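Predicted model only: the values in this text are computed from it and were never measured. Counting convention: from 1, in listed order, for ligands and their atoms alike. Position 1 is the first residue of the sequence, and the numbers go up from there. Quick note: numbers below take in every heavy atom, side chains included, and nothing from hydrogens, waters or symmetry partners.
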Amino acid sequence: MNLVSLLLTLGLTGVCLGYVYEEDLLYDSFPEGFLWGTATAAYQIEGGWNEDGKGESIWDVFTRIEGNIIDGSSGEVACDSYHKYKEDVALMKSMNMTSYRFSVSWSRIIPRGVGTVNQAGVQYYKNLISELKSAGIIPAITLYHWDLPQALQLQGGWLNSSVADWFEDYARVVFAEFGNDVKLFITLNEPKETSIQGHGTGTMAPGFKGIGDLTYIAAHNQIRAHARAYRLYQAEFAASQGGKVGITLNTNWGEPEEPNNPAHQEASDTFMQFNFGWYGHAIFKDGKYPEVMRRNIDRNSQLQGLNISRLPEFTPEESAMIAGSTDFIGLNFYTSNIVYPGEEDISTPSYFTDDGVKDYQDSTWYGAGSVWLKVTPWGIRSALNWITEEYGGTKDIYITENGFSDLQGNVDDLMRLYYYKHYLNQVLKAIKEDEVKVAGYYAWSLMDNFEWAMGYTEKFGLHSVDFTSPNRYLFTQ
Ligand code: GOI
């Protein structure tokens, strides 16, 4: 091959540093029965924050504190879905969606987190579910999308090991009240974010800063709580209701900077273990943390002069309960990083340096309205393959979130079209060419909503919402 044809070949196939920017689209169809949906979360859309007996959640409290939310806003009204859920369902129907993933607000149905059930709150979700049923849309319930009852936070929240009991009791109410009509349950949404941002960086509720220790404790209790809810369903509900219970984990894909260099391949795997395996290894495999986390964090803790590891250990009974505690794998996927092995400064204990891996996002990648969200369609296929290889490929994977933000909210959103087109084609390739078992796909989100610390500035909606209008004017084009 001479130089000219080599350059031509590289140019025509768009190969660059291992990731491919231009690829032929695969023209094929998704499997029969594949679920197509949009996803939302209670605090981000419902509003009605204190209506009909709802108790306060940690986000009601967190948003009141000056400086926590970039535009000073909150989810007090949000999309007003507490009153406008019928309009939400009509939008889904008009899009021919076959499923809807929404979350239940724990403090709406159990205002103090444990104890008395608020029937008005339960009724709201029953109304929503029956509206979905009439529209032929399959509901998928997330039990926890970050809005812990404040009453439980006052007792330590996710840092109190009793949270596993509290969560099991809450799950019993959810399964008993909604389980006749709902056959898909997701225990926790992105527990990693509760651990890292809620208890590590303090950028999300409850706003704690303990990235070297509290982060790992919160994660530990979340894994215990998840498994308790899963085992409860198996023991008391599975036989009569026949539903499925899983968990949704989020990860970026960690692309090795030098794909053929074994040290970079190992860095990529370590990145995936710290981001996905942290929860995935214990729950989908053997009830323990990934070996590389155990090794690194034990070693770093010792070097930092601590006499016990910052990474807690499960008891043998807990490990047995946690191992295999899922019917499916939920994946929230948005973007990727380039990773390489690098010396970390471990003078201060931190989750961010425990991995011993450095990462960055390439400056040439298209960007969304969120600074962290770069457009890397190839990453979703790689992540799906990594998960399939790592956990044996026996469980169905649901992509429970994938989506794109902009800052304008204009309906002629060319970049969003590009994003969905190419990510979906990579999912199709994973299914057809790599035999990955993907059973459904939920776009984030049905409509623009309260984007946590970014308030209403970042718009992820397939529908644009005018939050200044009292009747939530929706641009649906
Ligand atoms: C979902 O999480 C979520 O489930 C939905 O509720 C949500 O609406 C949807 O995504 C859309 O966001 C530059 C430490 C700026 C602190 C770089 C490290 C800010 C903060 C890189 C690393 C970004 C989607 C954190 C998954 C967490 C946002 C994962 C998307 C904040 C950053 C950071 C950065 C950092 N990610 N999350 N962040």
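Of the N or O atoms in H145, one or more lie within a sub-3.5 Å distance of an N or O in ligand 1. Remark: ligand 1 and E451 share an N or O pair separated by less than 3.5 Å (distance only, no angle test). An N or O contact shorter than 3.5 Å links W452 to ligand 1 by distance.
In this structure, atom 34 (C) of ligand 1 is not in close contact with the protein, since no protein heavy atom lies within 4.0 Å of it. Within 4.0 Å of atom 22 (C) of ligand 1, not a single protein heavy atom is present. Taking a distance limit of 4.0 Å, we find that atom 38 (N) of ligand 1 is approached by no protein heavy atom.
Looking at E458 against ligand 1, nothing comes within 4.0 Å, counting heavy atoms. Residue-level proximity to ligand 1 for N449 is absent, since no heavy atom of it falls below 4.0 angstrom.
When hydrogens are left out, the protein atom nearest atom 16 (C) of ligand 1 is T201 CG2, 3.8 Å; that is the closest non-hydrogen contact. In this structure, atom 25 (C) of ligand 1 lies nearest to the protein heavy atom Q197 NE2, 3.6 Å. Of the protein's heavy atoms, E193 OE1, 3.1 Å lies nearest to atom 27 (C) of ligand 1. In this structure, the protein non-hydrogen atom closest to atom 3 (C) of ligand 1 is E401 OE1, 3.4 Å. Counting only heavy atoms of the protein, atom 17 (C) of ligand 1 lies nearest to W372 CB, 4.1 Å. Of the protein's non-hydrogen atoms, the one nearest atom 18 (C) of ligand 1 is F352 CZ, 4.0 Å. Regarding atom 15 (C) of ligand 1, its nearest protein heavy-atom neighbour is V371 CG2, 3.1 Å. When only non-hydrogen protein atoms are considered, atom 10 (O) of ligand 1 lies nearest to Y334 OH, 3.3 Å.
Between F30 and F34, the angle of the ring planes lies from 30° to 60°, which puts this pair in the tilted group.
Distance check, rounded to the nearest 0.5 Å: OH of Y418 to CZ of F404 gives 11.0 Å. The structure places OH of Y420 at 6.5 Å from CZ of R416, a figure rounded to the nearest 0.5 Å.
In summary, of the residues considered (W146, F450, W49), a ring-ring contact (aromatic ring centres under 6.0 Å, His included) with Y43 occurs for F450 alone. Here the options are V245, D396, L184, I247, the test is side-chain contact (heavy atoms from CB on, under 4.5 Å), and the partner is D327; only V245 passes. Only one option out of Y216, W166, Y144, F208 pairs with W158 in a ring-ring contact (aromatic ring centres under 6.0 Å, His included); it is Y144.
F274 places none of its side-chain heavy atoms less than 4.5 Å from the side chain of V357.
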>> With side chain to side chain contact (heavy atoms under 4.5 Å, CB included) as the criterion, how do D269 and Q265 come out once you've worked through the C-alpha distance, each side chain's angles and the decisive distance to 0.1 Å?
In response: CA-CA 6 Å; D269 193 68; Q265 291 165 0; over 6 Å; no
>> Set out, in order, the CA-CA distance, both residues' side-chain angles and the distance that settles side chain to side chain contact (heavy atoms under 4.5 Å, CB included) for D434 and T388, then state yes or no.
In response: CA-CA 10 Å; D434 313 333; T388 300; over 6 Å; no
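Among residues at least two apart or in separate chains, salt bridge (Lys or Arg N to Asp or Glu O under 4.0 Å) pairs with a member in residues 452-474 are E87-R472, D88-R472.
The atoms of ligand 1 that sit less than 4.0 Å from any heavy atom of N250 are 26 (C), 29 (C). Taking every non-hydrogen atom of W146 and a distance limit under 4.0 Å, the qualifying atoms of ligand 1 come out as 3 (C).
Residues passing the side chain to side chain donor-acceptor pair (under 3.5 Å) test with Y85: none are found, sequence neighbours excluded.
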